[in-house]
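Just follow the structure's listing: the first ligand is 1, and inside any ligand the first atom is 1.
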Amino acid sequence: MRNYPWTHTTQCTEILPSIGDKLCVYTNASFSNGRGISIFTTPKLAEEFANLPAFKDQSALKDVNVDSGAWYAHELPGKGVGLLANKSLKSKDRVTAYTPALIAHLEGDLGTMEREKWYRLAISQLPDATQHAYLQLAFVYGQDIIRVQDIVKANTFQLHVGGQNHLAVFPETSRLNHACSPNAQYYLDPGLLTHFVHATRPIALDEEITISYTSPLDLTEVRQQHLQDGFLFTCTCSRCTNQEATDDTVETIQRLQAALNDWSESSHGTPKLAETVLSLYRREGLEGFLDIPYGFAALAYNAVGDSKEAEKFARLAQESILLKDGPWTPNMQIWNELLKDPMKHWSYKRRM
Ligand SMILES: C[S@@+](CC[C@H](N)C(=O)[O-])C[C@H]1O[C@@H](n2cnc3c(N)ncnc32)[C@H](O)[C@@H]1O
C-alpha cells in the first residue's frame with residue numbers, strides 16, 4: 001500500500017506558523033491486533049513514528065495491550081472510575097502496558113474548534129471498540145462541543161518522539177487516579193509507544209492502584225494548585241490532609257538532599273544523612289521515587305570509601321529507575337559508571 005502503514009487517506013491542516021509545517025491525521029486501524037492508533041503530527045514526524053519498533057517489529061508489542069490480570073475498573077466515591085487490584089501484587093509487578101488511542105503534536109496555532117475538528121477526525125478513524133473506550137473517558141470542563149479535547153486535557157501523558165513533545169491518551173491506563181503517596185509508578189517507552197505501570201509496594205486485593213500526577217516532593221499548596229489547574233480536583237489523600245507534617249518532611253528532605261549534594265570541603269553529607277533521607281521517603285510512601293535517595297546513598301558511601309555499600313545502593317537506584325524512567329535513560333548510565341569500578345569513580349573517598 002502506497003501510504004503504508006497508514007490505513008486512511010491522510011488529511012492535513014494548512015502550514016502552521018509556529019511549527020513551519022502542516023499537521024495531518026495518520027491512522028493505522030489494524031495497529032496492535034486491531035486496537036488501532038491515530039497520530040496528529042507533521043509528515044516528517046509521521047515517518048519517524050512509522051519507523052519505530054512499535055510499527056516495524058511484529059513481536060515488539062506481544063505482551064502489550066493484553067489483560068495483565070492485575071486490575072479491574074470500578075466507580076469510587078468522589079473520584080469517578082479508578083483501577084483496583086484484581087489480586088495481591090508485589091512491588092515491581094506489572095499493572096498495565098498499553099499503547100495510546102490518540103497522539104497529538106503539541107501546538108498553539110489552532111483555534112479550539114479547529115483543533116476539535118482534527119482530533120474528532122483522528123478518533124473517528126479508529127476501530128469502534130477503541131473509539132468507544134476513548135469517548136467514555138473522564139473530562140474536565142464537560143462541554144460536548146469540545147469533548148475530544150476535554151478528554152485529552154483530563155487524561156494526557158507526554159510522549160517525546162523525534163525530539164517533539166506529543167500528547168498521548170491511553171484509554172485503560174487513564175483510569176488510574178492520583179495519590180501523593182502512590183503505590184504504582186509509570187514510564188513511557190517512546191520506541192514501543194507504550195505506557196508501562198508497575199507496583200512500587202505490595203498492593204492488596206481490591207486496594208486502589210494509584211500514580212502521582214504531580215511531583216510528590218512539592219509542598220502541599222503547589223501540588224494542590226497543579227491538580228486544580230490541570231484536573232480540576234482537590235486531593236484528599238493523607239499527605240494533603242496532614243499538610244503541616246507533610247510540608248515539614250518535604251522541607252527536611254530538600255534540606256538534607258542539598259547537604260548531600262554539597263561536595264565542598266565543608267560538606268555535611270554522610271551515609272547516615274543519606275539513610276535518614278531514605279527513611280523519610282519510605283515514611284511518606286514515596287517508594288516509586290527511591291532512585292533519588294538510593295543515588296545519594298551510593299555516592300555518600302563511596303565518598304567515605306565504602307565501595308560495597310555504594311554498589312548496593314547504585315544497583316537499587318537502577319532498579320528504581322527501571323520502574324520510573326525506563327532502561328534507556330541517562331540516569332542508568334550514571335550508575336553503570338559507578339558500578340564499573342567504584343574505586344575509580346569521582347566520588348570515591350571524596351569526603352575523607
Ligand atoms: C486521568 S482521570 C482518572 C480516571 C477518572 N477517575 C475516570 O473516571 O476516568 C483524571 C480525573 O480523575 C479524577 N481524579 C483522579 N484522582 C483523583 C483523586 N485523588 N481525587 C479525586 N478525583 C480524582 C479527577 O476528576 C481527574 O480529572
Could you tell me which non-hydrogen atom of R35 sits nearest to which non-hydrogen atom of P171, and how far apart they are? NH2-CD, 3.8 Å
Is the distance between the SG atoms of C235 and C240 less than 2.5 Å? no
Decide whether a cation-pi geometry holds between R147 and F139; the criteria are a distance under 6.0 Å from NZ or CZ to the six-membered ring centre and an angle within 45° of the ring axis. yes
Residue set satisfying salt bridge (Lys or Arg N to Asp or Glu O under 4.0 Å) with D341, at least two apart, ordered chain then number -> K344
Under 30°, 30 to 60°, or over 60°: which ring-plane class applies to F233 and F231, parallel, tilted or perpendicular? tilted
May I ask you to establish whether R351 and W263 are in a cation-pi arrangement, using a distance under 6.0 Å from NZ or CZ to the six-membered ring centre and at most 45° from the ring axis? yes
Near ligand 1, which protein residues have a heavy atom under 4.0 Å away? G78, K79, G80, V81, A138, A154, N155, S174, R175, L176, N177, H178, Y213, F231, F233
